[in-house]
Amino acid sequence: MKIYHTADWHLGKLVQGVAMTEDQAYILRQFIEQIQIEKPDVVIIAGDLYDRSVPPTEAIQLLNKTFKQILIDEKTPIVAIAGNHDSATRLNFGSELMKSSGLHLVGHLEKDIKPVVLEDEFGEVHFYLVPFAEPSTVRILFGDESITTHEAAMAKIIEQIKRNLDETKRNVIVAHAFITKDGMPELNTSDSERKLTIGGTECINAALFDPFCYTALGHLHQAHFVANETIQYSGSPLKYSESEVTHKKGFFIVDLAQDGTVALEKKLFTPKREMRIVKGVLDDILQHAKSDDYVFVKLEDEGYVKGAAELVRTVYPNALHIERTAVFTQIEQQSTTMNRVQMDDSELFELFYSEMTGKELSVETKAIYTEVLQQLLDDEREKQEV
């Protein structure tokens, strides 16, 4: 069986206030073209179809159009789940009616998880769909007060699945969660994906998924496997933050053999606009060729540059964020242990000067500042006395 594994579309996403809908539509057209070429047996979308629970109209229209092209035009079934960004209720609405069109979309976790059964020339493949659910939801659903972490919740869910798991069939699970090797805390792969919990209780041991031929995951935005190559994150189809500029975005083509073994191929997308980081002094950046790329600009000028944002956007009109690179000096390093709230005005100015210029404040400049500050304080007292 040929499976397309994708996730984390985040339709309706804003990056630094810029809507990504046009860029998402551009990518999804490539996805449809690949479906037309490869003719997969099923498309998996492992959660976060939308970026927020109440998506904008344009995002809903884009998802509706894309689903119509996959299901009706290409006659390709879809199995999909809600992620932590989605509204489970919104996605669950009409799901029973949509099954007749080949759309198997699960928003709410159910106690009795029955597989979606699809067939190829070798027989049945059972897909178990596990939408994102908080531990409290799983605890109430199963009446088990011991469930307090995401790992305990997933262990309970898989325990329920295993009760009716037919090991003579090829079994695939689709989930949206933070899976790590041995369940140990790890860094997220993207700043654009919100943490599920504080303190590492979101981590789930990859060993729980051993009963399945393939585990199709969503939530982390960088494509990678966990523990072994049968447990995969497809990653998001677009870059959504500065932390993702080095990611290679695409989706997986999963060939599931008769014996349950898998072979994977990564297909990369070509974005409408690249997302990258640009560094340098302003004069050098202004010599760059004009580009529509989404860029995060790191200005390396030592001093303040008036109108820097406007000048940068003459070259990079889609600059998402512009900042000066902080140059830390010995005075900053010495002050890191000191609470800034405890500093007086003179000390704060000295620290500010060093951060902005990368130099220590000279005795002469400090004397001028102290004189001006004292004059302002005197003037303020005079006003209060009047």
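Position 1 is the first residue of the sequence; numbering continues from there. Being a predicted model, the structure only gives us computed values, none of them experimental.
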Review point. Is any side-chain N of the basic residue among Asp301 and Arg324 closer than 4.0 Å to the acidic one's carboxylate O?
Key: no
Check your understanding: Is the count of non-hydrogen atoms from other residues, nucleotides or ligands lying under 6.0 Å from Glu274 atom CD greater than 12?
Key -> yes
Practice item. Indicate whether any N or O donor in one side chain lies under 3.5 Å from an N or O acceptor in the other, for His221 and Tyr233. Key: no
Study note, to complete from the structure: Residue set satisfying ring pair (Phe, Tyr, Trp, His ring centres under 6.0 Å) with Tyr214, at least two apart, ordered chain then number -> His5
**Study point:** Set of residues satisfying ring pair (Phe, Tyr, Trp, His ring centres under 6.0 Å) with respect to Phe31, sequence neighbours excluded
**Key:** Tyr4, Phe251
Practice item. Can you sort out the partners of Asp210 under side-chain hydrogen bond (donor to acceptor under 3.5 Å, both in side chains), two or more places apart, ordered by chain and number? Key: none
Review point. For the salt bridge (charged side-chain N to carboxylate O under 4.0 Å, His left out) test, which of Lys249, Lys239, Arg276 pairs with Glu244?
Key: Lys249
Study note, to complete from the structure: Residue set satisfying side-chain hydrogen bond (donor to acceptor under 3.5 Å, both in side chains) with Thr89, at least two apart, ordered chain then number -> His108
Point to revise | Student check: side-chain heavy atoms of Val278 and Val312 closer than 4.5 Å | key: no
Check your understanding: Would His219 and Asp48 count as having a side-chain donor-acceptor pair, cut-off 3.5 Å?
Key -> no
Output side-chain donor-acceptor pairs under 3.5 Å for residues 21-28, partner residues at least two apart or in another chain, one line each.
{"from": "Asp23", "atom 1": "OD1", "to": "Arg273", "atom 2": "NH1", "distance (Å)": "3.2"}
{"from": "Asp23", "atom 1": "OD1", "to": "Tyr294", "atom 2": "OH", "distance (Å)": "2.8"}
{"from": "Asp23", "atom 1": "OD2", "to": "Arg273", "atom 2": "NH1", "distance (Å)": "2.9"}
{"from": "Gln24", "atom 1": "OE1", "to": "Gly12", "atom 2": "N", "distance (Å)": "3.3"}
{"from": "Gln24", "atom 1": "NE2", "to": "Trp9", "atom 2": "O", "distance (Å)": "3.3"}
{"from": "Gln24", "atom 1": "NE2", "to": "His10", "atom 2": "O", "distance (Å)": "2.7"}
{"from": "Gln24", "atom 1": "NE2", "to": "Tyr240", "atom 2": "OH", "distance (Å)": "3.0"}

Review point. Which pairs pass side-chain hydrogen bond (donor to acceptor under 3.5 Å, both in side chains) with one or both residues in residues 261-271, sequence neighbours excluded?
Key: Asp259-Thr261
Review point. In the hydrophobic clustering (ILVMFWY, side-chain contacts below 4.5 Å, transitive), which residues join Val281, or is it alone?
Key: none
Practice item. For Glu159, enumerate each residue passing the salt bridge (charged side-chain N to carboxylate O under 4.0 Å, His left out) test, keeping only those at least two apart in sequence or located in another chain. Key: Lys156, Arg163
Check your understanding: Looking at residues at least two apart in the chain, or sitting in another chain, which of them share a salt bridge (charged side-chain N to carboxylate O under 4.0 Å, His left out) with Lys65?
Key -> none
**Study point:** Any residue meeting salt bridge (charged side-chain N to carboxylate O under 4.0 Å, His left out) with Arg90, in chain and number order, not counting sequence neighbours
**Key:** none
Exercise for review: Sort and list the pairs that fulfil side-chain hydrogen bond (donor to acceptor under 3.5 Å, both in side chains) and have at least one residue in residues 119-131, not counting sequence neighbours.
Suggested key: Asp120-Arg170, Glu124-His126
Revision key, fill the gap. Residues 31-42 vs salt bridge (charged side-chain N to carboxylate O under 4.0 Å, His left out), sequence neighbours excluded, gives Lys2-Glu38, Lys39-Glu74
